[in-house]
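Beneath this line is the structure, given in structure tokens, with notes to follow.
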Amino acid sequence: MIKITFPDNNVKEYPDGSTGLDIAKDISNSLAKEVLSVKINGEVWDATRPIDTDATIQLLTWKDKEGKSSFWHSSAHLMAEALESLFPGIKLGIGPAIETGFYYDVDSGDKQITEEDLPAIEKKMKELAGQNNEYRREEISKKDALKYFEEKGDEYKLELINELEDGTITFYHQGGFTDLCRGPHIPSTKFIKSVKLLTIAGAYWRGDEKNKQLTRLYGVTFPKQAELDEYLDILEQAKERDHRKIGKELELFMFSEKVGGGLPLWLPKGTIIRETLIDFLKKEQLQRGYVPVVTPHIGKKDLYVTSGHWEKYGSDSFRPITTPHEGEEYLLKPMNCPHHCEIYAYKPRSYRDLPLRIAEFGMVYRYEQSGELNGLTRVRSFTVDDAHIFCRPDQVKEEFLNVIDLVLHVFKTLGFKEFTTQISLRDPEDKEKYIGSDENWEKAERDIIEATEETGLETVTEIGEAAFYGPKLDFIVKDALGRPWQLGTIQVDYNLPERFKLEYIGDDNERHRPVMIHRAPFGSLERFMAVLIEHYAGNFPLWLAPEQVTILPISEKFHDYAVKVLNLLKNDDIKVTIDDRNEKIGKKIREAEVKKIPIMLIVGEKEQSTEEVAVRLHGKGDQGSLTMSSFKELFDKLMIESKSIN
RNA sequence: GCCGGGAUAGCUCAAUGGUAGAGCAGCGGUUUCGUAAAUCGCAGGUUGGAGGUUCGAUUCCUCUUCUCGGCUCCA
């Protein structure tokens with residue numbers, strides 16, 4: 001007998017070789033019908049795999065992340081089975097579960113699988129699922145595994161098996177399909193009730209550009225049709241929030257083929273939002289001891305040779321521009337920091353001057369591969385809310401803490417609650433990739449880790465994700481479609497001060513090297529705006545709204561009164577417009593609602609005679625009439641409330 | 001950069017190997033109106049660009065630009 005411990009610490013004995021499913025059945029039949037996989041001693045297993053030793057158990061269903069994962073992984077196998085049946089001779093790469101759904105990379109030879117094939121594959125998958133085939137695990141020797149795929153002629157699987165150790169290799173079978181797989185899988189295909197294949201895309205074998213490009217099929221499956229419908233509905237809604245769509249509808253920004261891809265043109269309304277954000281941050285920074293600077297958009301190539309950027313990224317950036325007569329080479333600036341280093345070096349610095357925090361909203365230009373450009377999230381020209389903090393080594397941690405506090409303040413004000421924080425360290429196995437001494441790297445990494453621990457931020461640590469000049473802390477927010485984007489960033493840099501030979505005179509009257517911290521709470525204004533647009537679905541809070549109030553006269557007879565109201569509000573720096581077209585009030589309201597203007601003031605006969613305005617709030621409807629002074633009080637109150645920090 | 005889609009009026013979209021149509025927007029009338037679309041009329045297009053096949057191309061082919069979904073990359 002084996003002792004099984006349940007999550008509530010109850011212990012029960014079962015015969016040797018009992019499976020998770022057996023144990024589930026012992027609890028209740030209805031539960032057994034929902035079990036997708038089980039967690040045995042912290043490891044996810046097939047529910048049908050016999051347990052031979054005492055163990056802790058957790059039954060995993062659709063409600064558990066790991067349960068979903070085994071469901072989708074099994075779905076990937078089901079799709080592979082369908083593909084083999086529809087496209088005989090197809091070769092399989094890898095087919096994992098992902099955050100939502102699964103994919104399989106396949107090599108279909110000369111036959112190109114296109115989107116038109118997807119419905120047929122879906123149909124086949126449903127047909128195979130209906131056969132109620134069991135997923136069966138088989139331990140297999142390396143020799144036999146190799147033999148199987150040699151006969152099948154699948155070089156991708158052979159490559160994978162060759163890297164595995166004998167004795168750890170398992171196959172999974174379902175219906176007429178066999179795959180090399182670590183598992184775990186769900187008990188049977190019958191759980192898979194609804195199937196949707198979403199997209200088809202190219203993907204390099206093992207993610208390496210040098211390898212052959214396979215066809216990747218993305219899909220998602222659910223245990224109930226209703227859940228698929230709900231998921232598709234959410235996808236549809238996400239599309240409605242897409243910043244590219246809203247940006248066009250609300251006339252925030254545009255792109256022009258003539259100007260070039262990835263070069264955003266900001267329209268008046270988008271510009272007002274940008275400038276409001278910039279003003280907000282400038283004010284915060286002023287209070288926190290930052291000083292402003294302005295530097296040009298170009299710099300001599302030599303500047304970037306000194307900084308090391310030319311060596312590292314020169315071949316992958318815009319070509320230098322040259323002066324007509326002397327032939328001097330200049331680069332569009334890919335970063336602001338080299339310019340800022342020169343500002344630091346402008347005069348001798350004392351330890352008393354530090355930390356020196358110089359800030360600039362600087363537009364930078366980077367060559368991004370054409371296939372990578374994406375709305376405002378990935379562009380070739382963007383504005384960094386940049387600042388470089390030059391400080392003494394003993395000030396690094398404190399400065400780091402100050403910056404974290406600023407980033408959190410920004411996020412809080414804008415109501416970003418769901419973000420992840422990532423510490424990126426260097427890969428100690430691959431030191432060649434980075435510049436700077438071991439000693440410097442170790443100190444920098446320690447400072448970051450300690451600072452985040454002190455603020456209590458929950459972080460994930462990624463080894464090998466550091467910038468080439470130093471470790472960093474990034475704040476990552478997801479867009480409407482769930483794609484993660486890095487926004488705020490704080491990066492320690494022991495390297496640039498070295499390269500620019502920056503110094504300060506310490507209290508010991510000796511020369512010392514300052515430490516540099518790069519930081520940008522928004523990261524890129526462009527990307528930040530994209531995420532912001534999707535976050536609010538275009539319904540900007542009052543303080544950010546490019547049009548805060550619009551006045552809607554009932555008819556032309558009340559235009560004079562409407563203009564009087566307009567001027568009163570303008571005097572209070574309220575962003576106000578008037579809709580004096582010869583249209584019915586219903587239409588004016590509709591259009592103001594569509595434009596997501598937070599406040600509408602309707603004025604007609606009644607308001608004119610009582611010197612009031614009828615207030616209507618976007619999405620909330622008619623709020624009744626107020627005198628001008630009461631309205632201004634309401635406006636001020638709404639302004640304060642519109643910052644999430646309150 | 002790579003794989004696969006796409007590009008038709010300002011916007012959203014329709015149509016066809018015989019040189020294009022709707023709604024909204026725009027412009028001109030009529031209407032002067034009370035909380036999400038009044039009404040009549042007019043105008044609007046080298047069907048992204050270049051080349052080719054064809055008697056004839058917006059449609060088929062090639063190249064190119066931009067764009068979308070991924071991959072790779074990302075200071």
Side-chain angles (χ1 to χ4, degrees), chain A residues 103 105 112-116 198-218 239 242 244-245 248-249 251 254-263 304 307-314 316-317 333-338 364-375 377-378 380 384 435 465-470 472 481 483 485-486 489 491 493 495-496 518 524 552-559 581-595 600-607 614-625:
Chain A
Y103 68 80
D105 286 346
Q112 180 66 53
I113 298 175
T114 67
E115 281 185 31
E116 287 163 18
L198 300 160
T199 50
I200 196 158
Y204 300 103
W205 168 236
R206 316 204 89 177
D208 191 333
E209 228 174 333
K210 293 182 201 84
N211 287 338
K212 178 160 183 184
Q213 190 154 37
L214 306 180
T215 305
R216 175 171 298 179
L217 292 109
Y218 284 91
K239 276 188 200 153
D242 191 316
R244 293 167 296 195
K245 183 172 156 69
K248 195 186 271 184
E249 285 167 356
E251 300 188 339
M254 61 171 281
F255 289 92
S256 148
E257 212 167 299
K258 274 209 179 86
V259 173
L263 302 172
Y304 301 99
S307 71
H309 292 115
W310 176 254
E311 187 196 350
K312 189 84 184 166
Y313 293 102
D316 238 357
S317 56
K333 70 174 168 186
M335 329 184 68
N336 300 302
C337 33
V364 297
Y365 304 85
R366 297 180 188 175
Y367 172 77
E368 300 287 356
Q369 297 188 107
S370 59
E372 186 53 47
L373 300 175
N374 183 288
T377 50
R378 196 68 186 274
R380 285 177 171 168
V384 186
I435 29 190
E465 287 293 308
F468 74 93
Y469 51 75
K472 56 180 182 170
L481 293 169
R483 294 174 295 203
W485 295 101
Q486 180 209 307
T489 181
Q491 314 184 351
D493 187 348
N495 172 57
L496 274 187
H518 310 246
S524 132
L552 313 177
I554 297 281
S555 79
E556 285 174 2
K557 284 191 280 185
F558 311 107
H559 280 187
R581 293 174 304 164
N582 176 9
E583 292 290 353
K584 290 179 77 172
I585 193 66
K587 176 151 182 171
K588 292 184 186 182
I589 287 170
R590 177 181 155 77
E591 291 189 7
E593 290 281 358
V594 169
K595 281 156 80 182
M600 287 151 270
L601 297 180
I602 290 127
V603 294
E605 179 80 54
K606 211 172 77 197
E607 290 72 22
V615 180
R616 181 187 166 103
L617 298 182
H618 170 59
K620 297 205 179 87
D622 191 358
Q623 307 288 306
S625 288

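Lettering follows sequence order; numbering is per chain, from 1. All values below come from the heavy atoms of this structure, side chains included, with hydrogens, waters and symmetry mates left out.
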Using the [atom1] atom as the reference point in each nucleotide, state the distance between [N] and [M] in Å, no decimals.
N      : M      : atom1 : result
B:rU8  : B:rG45 : C1'   : 8 Å
B:rU47 : B:rU58 : C1'   : 5 Å
B:rG56 : B:rC71 : C1'   : 42 Å
B:rA20 : B:rU39 : C1'   : 28 Å
B:rA15 : B:rA75 : P     : 45 Å
B:rA36 : B:rG41 : P     : 28 Å
B:rC61 : B:rU54 : P     : 16 Å
B:rA9  : B:rU59 : P     : 15 Å

Quick one: is [X] getting a side-chain N or O under 4.0 Å of the [N] phosphate, OP1 or OP2?
X      : N      : answer
A:N374 : B:rG69 : yes
A:K248 : B:rU12 : yes
A:K587 : B:rA25 : yes
A:Y218 : B:rC3  : no
A:R244 : B:rC68 : yes
A:R380 : B:rC73 : no
A:K557 : B:rC33 : yes

Looking at every strand, decide which applies to [X] at a 4.0 Å heavy-atom threshold: base, sugar-phosphate, or nothing.
X      : value
A:E465 : nothing
A:A203 : sugar-phosphate
A:T199 : sugar-phosphate
A:E115 : nothing
A:Q486 : nothing
A:R616 : base
A:A592 : nothing
A:L373 : sugar-phosphate
A:G604 : base
A:I585 : sugar-phosphate
A:R366 : sugar-phosphate
A:G371 : base

Determine which nucleotide pairs with [N], using a 3.5 Å limit on both distances of a Watson-Crick or G-U wobble pair.
N      : value
B:rC42 : B:rG26
B:rU59 : none
B:rA37 : none
B:rG4  : B:rC68
B:rU47 : none
B:rG17 : none
B:rC74 : none

How long is the line joining [atom1] of [X] and [atom2] of [N], in whole Å?
X      : N      : atom1 : atom2 : answer
A:R206 : B:rC71 : CZ    : C1'   : 16 Å
A:L217 : B:rG69 : CG    : P     : 18 Å
A:D105 : B:rG70 : CG    : C1'   : 10 Å
A:H518 : B:rC74 : NE2   : P     : 17 Å
A:Y103 : B:rG4  : OH    : P     : 19 Å
A:Q213 : B:rG4  : CD    : P     : 8 Å
A:R581 : B:rG28 : CZ    : P     : 14 Å
A:E116 : B:rG5  : CD    : P     : 8 Å

Could you tell me whether the side chain of [X] and the main chain of [Y] form a donor-acceptor pair under 3.5 Å?
X      : Y      : value
A:Q623 : A:G621 : yes
A:K588 : A:R581 : yes
A:R380 : A:E368 : yes
A:N374 : A:T377 : no

Checking contacts here: which listed nucleotide ([options]) is nearest the side-chain heavy atoms of [X]?
X      : options                : answer
A:Y313 : B:rU32, B:rA75, B:rU35 : B:rA75
A:S317 : B:rA36, B:rA75, B:rC33 : B:rA75
A:I589 : B:rA75, B:rG34, B:rU35 : B:rU35
A:I602 : B:rG34, B:rC66, B:rA75 : B:rG34
A:R590 : B:rA36, B:rG34, B:rA75 : B:rA36

To the nearest 0.5 Å, tell me how far [X] [atom1] sits from [Y] [atom2].
X      : Y      : atom1 : atom2 : answer
A:K606 : A:I554 : NZ    : CD1   : 9.0 Å
A:I589 : A:I602 : CD1   : CD1   : 4.0 Å
A:Y204 : A:L214 : OH    : CG    : 11.0 Å
A:R590 : A:K595 : CZ    : NZ    : 13.0 Å

Heavy-atom donor-acceptor pair, [X] side-chain to [N] base, under 3.5 Å:
X      : N      : answer
A:Y204 : B:rG1  : yes
A:R216 : B:rC3  : no
A:E251 : B:rG10 : no
A:E368 : B:rC74 : no

- Note on the structure: Note: for A:K606 and A:E583 on RNA chain B, the residue whose nearest nucleotide lies more 5' is A:K606
- Message: Can you work out whether A:S555 or A:G260 has the more 5'-proximal nearest nucleotide on RNA chain B?
- Response: A:S555
- Can you establish whether the number of heavy atoms outside A:E311 located under 6.0 Å from its atom CD is more than 12? no
- Would you call the rings of A:Y469 and A:H309 parallel, tilted or perpendicular if under 30° counts as parallel and over 60° as perpendicular? perpendicular
